[in-house]
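Notes follow once the structure below has been shown.
Throughout, protein chains are lettered first and strands after them, A, B, ... in sequence-line order, and every chain is numbered starting at 1.
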Number of protein chains: 2
Amino acid sequence: MDVDPSLSEYTELQEQESRSLLRLIEEMGIATADRTYRPGDAVYRQGEYGDALYVLVSGVLKLFRPYSGSKEATLRLLTSWDIFGHLAFAGEARQRAYAEAVTECRVTKIPKVFVERAVRQEPRVAFKIMTLLELRLVQYEELVKCLLPRETEVRLANLLPILAQKFGDRQDGVVTIDLRLTHQDLAAMVASTRESVTKVLNEMRNRDLIEVDAGRITLKDWRALVKLSGP
Amino acid sequence: MDVDPSLSEYTELQEQESRSLLRLIEEMGIATADRTYRPGDAVYRQGEYGDALYVLVSGVLKLFRPYSGSKEATLRLLTSWDIFGHLAFAGEARQRAYAEAVTECRVTKIPKVFVERAVRQEPRVAFKIMTLLELRLVQYEELVKCLLPRETEVRLANLLPILAQKFGDRQDGVVTIDLRLTHQDLAAMVASTRESVTKVLNEMRNRDLIEVDAGRITLKDWRALVKLSGP
DNA sequence: AGAGTCTTGCTGGAGCTTTTACAGGCCGTA
DNA sequence: TACGGCCTGTAAAAGCTCCAGCAAGACTCT
């Protein structure tokens, strides 16, 4: 059961930093806009002007973007304490993806001007934000790692451990990804097709690497998966 | 000559922010380690502990990482005023790629403790760093955009404008990428093979989209390239 | 100028993925 | 209960990439 040690540290670190960031902001008496989104609701759209820091407090949310004309790629699947949105300290920036709630989500939005005030008043806020931005970079690097190999099998072998890390539920020495994922969902995450994912997933099941139950995937042989993903 | 307006703003913004960051740090009397690297020298290696902020002052530098066993992907090609390195404000982090000088490079290294001191003393430093981190995120998003489509042609059609944006030399209404790039170099950037790049580049040349002279690529028809890259 | 190295160009076959098409299963709703 | 919609499982054809190998051209260093 060798979970990449660095990644699991990152998950904890992120929760810790996000929580204390919100706490600090609250203690400073700075207003935040909390809102709940229902499945399918859009938090923002690609191209909108962004000028706020978003923190996902609970629920699952996805960032996606169209590519190759009619396809859709999921760039990040977020869970509690992930941050998202471009806040554009200098100049203005547009959102580079769509943000859509997958399950019911609670989102805290901190407008740019308040973030700036908080950073000026309290350097610790700056450290939290810088750390969270770096963790977001790491997530992008993980995505790139998924996309570099061309075979769907290898891409999935890279993706599944990442999902297990983030949405994993550990029991009896195996990890179950606690999400109902369709093959289509997985295909969007590795920029492949539903058919290829179906094929690969069945192969993995036949080789006893994974188990699928009601859309929930259990990783039965982490070591073999990591081996597949290529060192 | 429609260069993506947001990306060109980003290039200027980055130079501005990096320069003023270094100026601020200097004014505060904080020590930085400046060093020159020769082509091929490694600034750091994947897996090393990172605890500094690196600023590339001049030259060209690449971040790369092995994948699929024996291949090598170039994650970012950096030029003046790009920042790199994981500095791990909280906890410790390892470098997630190799950093290697392509041409002679001048690099300013600001150790983590000094960055922390500067941020505490002067909130403006924090804003600069946060802005630079966000720009790095944008660069990763661009890389992902390159990797999402599977055909080498589309990937290159995405990559070339990005390179032109960053290394472009504008003359007579056309842009020349001011770098000697071999097909192998390009292949490493789009995670493809040298043969495929050769083929696609020749096609593009035949269609009068680009021109190649001594390893330097000129984009003759920006609009058609962007069209190829898929909206 | 010459030798050696790197780069480019081209090929054919093997391997995956994509595309298209179709059938059966599951589920929620009318 | 019946219907429609979404999800899974297969299959065949077409396309592109990858691999291995080879030859000619360009460049560099001595």
Q: Heavy atoms of chain B, cut-off under 4.0 Å: which first and last nucleotide of DNA chain C, 5' to 3', fall inside that, if you could look?
A: C:dT7 to C:dT18

Q.
Which residues pass the side chain to side chain contact (heavy atoms under 4.5 Å, CB included) test with B:Gln139, not counting sequence neighbours?
A. B:Gln14, B:Arg76, B:Leu78, B:Asp82, B:Lys166

Q. Excluding sequence neighbours, so at least two apart, what forms salt bridge (charged side-chain N to carboxylate O under 4.0 Å, His left out) with B:Glu195?
A. none

Q) What distance do A:Asn202 atom CG and A:Arg205 atom CZ have between them, rounded to the nearest 0.5 Å? A) 4.5 Å

Q.
Regarding B:Ser196, tell me which of base, sugar-phosphate or nothing describes its non-hydrogen contacts under 4.0 Å with the strands shown.
A. sugar-phosphate

Q: Compute the angle between the rotation axes at the two ends of the helix from C:dA1-D:dT30 to C:dA30-D:dT1, each taken over five pairs, rounded to 10 degrees.
A: 50°

Q: Give the rounded distance in Å between these two atoms: CD of A:Glu151 and P of D:dT17.
A: 14 Å

(Q) As a test of understanding, state which of B:Arg96, B:Arg94, B:Arg136 forms a salt bridge (Lys or Arg N to Asp or Glu O under 4.0 Å) with A:Glu141. (A) B:Arg96

**Q.** Partner residues of B:Asp169 under the salt bridge (charged side-chain N to carboxylate O under 4.0 Å, His left out) criterion, sequence neighbours left out
**A.** none

Q.
Quick check: closest heavy atoms across A:Tyr67 and B:Pro149, and the distance to 0.1 Å?
A. CD1-N, 4.2 Å

Q. Where along nucleotides 7-12 of chain D does protein come under 4.0 Å, by heavy atom, of base (B) or sugar-phosphate alone (S), with - for untouched nucleotides?
A. SBBB--

Q.
Whole angstroms only, please: what is the CZ-P distance between A:Arg150 and D:dC16?
A. 12 Å

Q. Less than 4.5 Å apart, any side-chain heavy atom of B:Val60 and any of B:Phe167?
A. yes

Q | side-chain hydrogen bond (donor to acceptor under 3.5 Å, both in side chains) between B:Thr32 and B:Thr108, worked out | A | CA-CA 6 Å; B:Thr32 61; B:Thr108 295; 5.2 Å; no

Q. For the residue pair B:Phe64 and B:Tyr98, does the interplanar ring angle fall in the parallel (under 30°), tilted (30 to 60°) or perpendicular (over 60°) class?
A. parallel

Q. Taking all non-hydrogen atoms of both residues, which atom of A:Ala188 and which atom of A:Glu72 are closest, and how far apart?
A. CB-O, 3.5 Å

